[in-house]
A.B. asks: 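Take this structure first; my questions come after.
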Amino acid sequence: LFRSLMSVEGKFEHITTADLEVLGDRTGVAGYRDSIARVADAVARFDSFADAAGLSAERRAEIEVRLELVRRETAGAST
């Protein structure tokens with residue numbers, strides 16, 4: 001993996017939904033809550049996207065591991 005040169009509220013990792021909300025409020029990004037919700041919905045529907053793309057069980061498992069890490073890092077924050 002690579003590390004982005006951009007931070008969110010001073011963080012380069014373990015960025016939560018709450019961090020994104022603070023950034024959106026502070027910078028006045030229009031529609032940021034809807035964008036956060038849409039990304040969360042897409043992640044939640046990964047299985048249907050994987051089916052449609054015909055992903056192998058091995059590749060699906062690799063992606064699921066990464067998605068679970070994202071879910072854990074963003075857990076507990078409001079959306």
Side-chain angles (χ1 to χ4, degrees):
L1 295 176
F2 66 93
R3 182 174 180 168
S4 174
L5 298 177
M6 295 177 60
S7 68
V8 174
E9 294 303 300
K11 294 179 174 182
F12 290 95
E13 56 188 356
H14 309 295
I15 297 165
T16 67
T17 301
D19 295 324
L20 296 173
E21 290 174 345
V22 168
L23 180 65
D25 283 339
R26 186 172 51 77
T27 59
V29 174
Y32 75 86
R33 288 184 192 274
D34 182 54
S35 295
I36 291 170
R38 291 175 66 195
V39 170
D41 180 59
V43 170
R45 295 185 303 132
F46 169 72
D47 283 334
S48 65
F49 296 130
D51 288 342
L55 288 182
S56 69
E58 181 179 289
R59 185 66 179 136
R60 181 185 291 228
E62 292 171 2
I63 294 169
E64 274 292 345
V65 167
R66 291 177 189 251
L67 289 177
E68 184 56 32
L69 291 172
V70 171
R71 289 179 188 111
R72 288 182 188 170
E73 286 185 0
T74 59
S78 64
T79 53

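In what follows, every heavy atom counts, from backbone to side chain, and hydrogens, waters and symmetry copies are set aside.
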A.B. asks: Could you please spell out the steps behind the salt bridge (charged side-chain N to carboxylate O under 4.0 Å, His left out) verdict for E64 and R60?
C.D. replies: CA-CA 6 Å; E64 274 292 345; R60 181 185 291 228; over 6 Å; no
A.B. asks: As an exercise, state the distance from CG of L20 to CZ of R33, rounded to the nearest 0.5 Å.
C.D. replies: 11.0 Å
A.B. asks: Tell me whether V8 is reachable from V29 by hopping between hydrophobic residues (I, L, V, M, F, W, Y) whose side-chain heavy atoms are closer than 4.5 Å.
C.D. replies: yes
A.B. asks: Please say whether more than 12 non-hydrogen atoms of neighbouring residues, nucleotides or ligands are located less than 6.0 Å from CD in E58.
C.D. replies: no
A.B. asks: Hey, what do you get for CD (E9) to OG1 (T16), rounding to the nearest 0.5 Å?
C.D. replies: 9.5 Å
A.B. asks: Does a donor on one side chain and an acceptor on the other come within less than 3.5 Å for D51 and S48?
C.D. replies: no
A.B. asks: Check the hydrophobic clustering (I, L, V, M, F, W, Y; side-chain heavy atoms under 4.5 Å; chains of links allowed) and say if V39 and L23 are grouped together.
C.D. replies: no
A.B. asks: Do I63 and V43 sit in one hydrophobic cluster, given that two such residues count as connected whenever their side-chain heavy atoms are within less than 4.5 Å of each other, even indirectly?
C.D. replies: yes
A.B. asks: Hey, does D25 have a side-chain heavy atom less than 4.5 Å from the side chain of Y32?
C.D. replies: yes
